[in-house]
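To start, the structure itself, in structure tokens.
Just so you know, these numbers use all the heavy atoms, side chains as well, and skip hydrogens, waters and symmetry mates. Please read all numbers here as calculations on a predicted model, not as lab measurements. In what follows, chains are A, B, ... by sequence order, proteins preceding strands, each numbered from 1.
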There are 2 protein chains.
Amino acid sequence: MAKRAGYHHGDLKATLVAGALELIAERGVASLSVAEVARRAHVSGGAPYRHFPSRQALLTAVATKAAHTLADRLREVSTGAGPDPVENMATVVAAYARFTAEHGAGFDLIFAVELSGRGNEELADAGRTVMDALLQAALPVTGDAKAALGLIGRTFAAAHGYATLWRSGLYINRNSTVDDVTSEAAAIARTLAGSVQTPLPRTRS
Amino acid sequence: MAKRAGYHHGDLKATLVAGALELIAERGVASLSVAEVARRAHVSGGAPYRHFPSRQALLTAVATKAAHTLADRLREVSTGAGPDPVENMATVVAAYARFTAEHGAGFDLIFAVELSGRGNEELADAGRTVMDALLQAALPVTGDAKAALGLIGRTFAAAHGYATLWRSGLYINRNSTVDDVTSEAAAIARTLAGSVQTPLPRTRS
DNA sequence: GTCTATAGAGCGATAGAC
DNA sequence: GTCTATCGCTCTATAGAC
């Protein structure tokens, strides 16, 4: 393993983004440093600045990548879940919980960076892609766009809370795994989605 | 306003803890620095180390203080809520959401620091005080300790998620306030507590 | 108990060699 | 496009004067 001498990369930019995502998964967004990402990629501390003008720019790229990955996964599980709208919603919420628990970041990374990093169209697009996937899961449950947004807010807040609290070690005594987080999130979503579906505005009978 | 010359304090220790709490409310736990806390209290950078041996120790003191404040507030709202167990639970959950949204930290600060900072009995006690308040609110709903823990996990995860997502700016477009976060958390708690109460193991009819 | 001063470390970002 | 080297900053923690 050569040490920092004449090292060559096929695609350092992508390597840096991937490495940053890993690092966030290990230590959280706040403590992510460009220097550490560079070290992980076996390049010098200055190298990343040929690809990203600032730490913020790197973070934006990471958020964009995360958004695409998340949107893909949500769409994946959504098509695979049966015809029951509530069960489908639960599956999508569970997938978000798993993603956030595994990556140590979710909506907070994807949407909050969007706010501070001004004028990045790529990230905004990626965020919209995620939002589309959410609406596609929630709309069949509520039948109404406004209600769907409310349901999304409730269920994904719960999933996010579960994932982050689990990450911060809260359930460590109960030996809970990421699978437990996922299934708990699904259970909450089932209850919340079920309770909103009860009025059933779309049934004809 | 004299600048760092012969400054005297009645109780610097308490001032530091209070200042640290404020700072966490503004910028989050991760970026809390002893240096900044000292600056806020108008003392030198070394002064805090006469009261706390390390940043970790300061953080532990802050978490302990936060736990006591939270436990007090939860007990307060709990006694004031009517006889309906579900409504009482919703009120307590809402109070937690408000606390976390306002302070930028909740269970994550109180219980996670407890894990890393080894052997601090004061913080552990404070944590137990909080947990007692939660159980006292949840037990009348479920009638069963195990089910109460489950309900606590679900409702407070949701409240925590709402508060932290709100904090990260997610609902900024909807012009939502901390009051909205509070009432949304209450609504979720009502639904979740109501759905677990349905079997009603304690009714006699 | 608070001050000044400082050691030692990590980070963001830039400059110039290759 | 990557390297080496460096500036300037902030932070944690300690030492010694008062």
Side-chain angles (χ1 to χ4, degrees), chain A residues 1-63 104-105 109 113 116-118 120, chain B residues 1-24 26-63 104 109 113 116-118 120:
Chain A
M1 234 182 236
K3 276 265 173 178
R4 314 202 179 179
Y7 207 96
H8 263 267
H9 258 292
D11 189 354
L12 180 57
K13 190 165 183 173
T15 305
L16 291 172
V17 170
L21 252 174
E22 258 182 57
L23 233 126
I24 288 174
E26 287 171 30
R27 310 191 202 169
V29 188
S31 70
L32 178 80
S33 80
V34 179
E36 177 76 21
V37 173
R39 249 174 264 130
R40 291 260 179 138
H42 305 292
V43 293
S44 75
Y49 289 92
R50 288 287 132 184
H51 300 277
F52 305 100
S54 68
R55 177 184 183 275
Q56 180 70 235
L58 170 59
L59 215 59
T60 301
V62 170
L109 173 66
V113 172
S116 43
R118 293 295 350 130
N120 188 299
Chain B
M1 231 179 240
K3 276 265 173 179
R4 311 201 180 180
Y7 208 97
H8 262 267
H9 259 291
D11 190 353
L12 180 57
K13 189 165 182 173
T15 305
L16 292 172
V17 171
L21 252 175
E22 259 183 55
L23 221 99
I24 288 174
E26 288 172 29
R27 309 190 202 169
V29 188
S31 70
L32 178 80
S33 79
V34 178
E36 177 76 21
V37 173
R39 249 174 264 130
R40 292 259 180 139
H42 305 295
V43 294
S44 74
Y49 289 91
R50 288 286 133 183
H51 301 276
F52 304 99
S54 68
R55 177 185 184 276
Q56 180 71 235
L58 171 59
L59 215 60
T60 302
V62 170
L109 173 66
V113 172
S116 41
R118 294 296 349 131
N120 188 299

What's the CZ-P distance between A:Arg27 and C:dC11, to the nearest Å?
8 Å

Just the table, please: protein N/O against nucleotides 7-9 of chain C N/O, every pair under 3.5 Å.
none

Which heavy atom of A:Ala38 sits nearest to which heavy atom of A:Pro48, and what is that distance?
CB-CG, 3.8 Å

Walk me through it: do A:Phe52 and A:Val62 pass the test side chain to side chain contact (heavy atoms under 4.5 Å, CB included)?
CA-CA 11 Å; A:Phe52 305 100; A:Val62 170; over 6 Å; no

Is A:Thr15 close to A:Arg40 at the side-chain level, that is, under 4.5 Å between some pair of heavy atoms?
no

Are the side chains of B:Asn120 and B:Val113 in touch, meaning some heavy atoms are under 4.5 Å apart?
no

Sorted by chain and number, sequence neighbours left out, salt bridge (charged side-chain N to carboxylate O under 4.0 Å, His left out) with A:Arg50 holds for none

Below the 4.0 Å mark, does D:dT2 have OP1 or OP2 next to a side-chain nitrogen or oxygen of A:His51?
yes

Starting from P on D:dC3, measure out to CZ on A:Arg39 and report it in whole angstrom.
14 Å

Below 3.5 Å between N/O atoms, which protein atoms pair up with nucleotides 13-17 of chain D? Just atom names and distances, please.
unit_1	atom_1	unit_2	atom_2	d
D:dA13	OP2	B:Tyr49	OH	3.3
D:dA13	OP2	B:Arg55	N	2.8

Closest non-hydrogen atom pair, A:Leu16 against A:Ala41:
CD2-CB, 4.0 Å

Ranking A:Ser31 and B:Leu12 by the position along DNA chain C of their nearest nucleotide, the one closer to 5' is B:Leu12

Testing the basics here: between A:Leu12 and A:Ala47, what is the closest heavy-atom pair and its distance to 0.1 Å?
CD2-CB, 4.2 Å

OP1 or OP2 of D:dC11 versus the side-chain N and O atoms of B:Ser33: is any pair under 4.0 Å?
yes

Taking the side chain as everything from C-beta on, heavy atoms only, tell me whether B:Val34 gets closer than 4.5 Å to B:Tyr49.
yes

What is the separation between atom CG on B:Leu59 and atom C1' on D:dC11, rounded to the nearest whole Å?
15 Å

What is the distance, rounded to the nearest whole Å, between atom CD of A:Glu36 and atom P of C:dA13?
16 Å

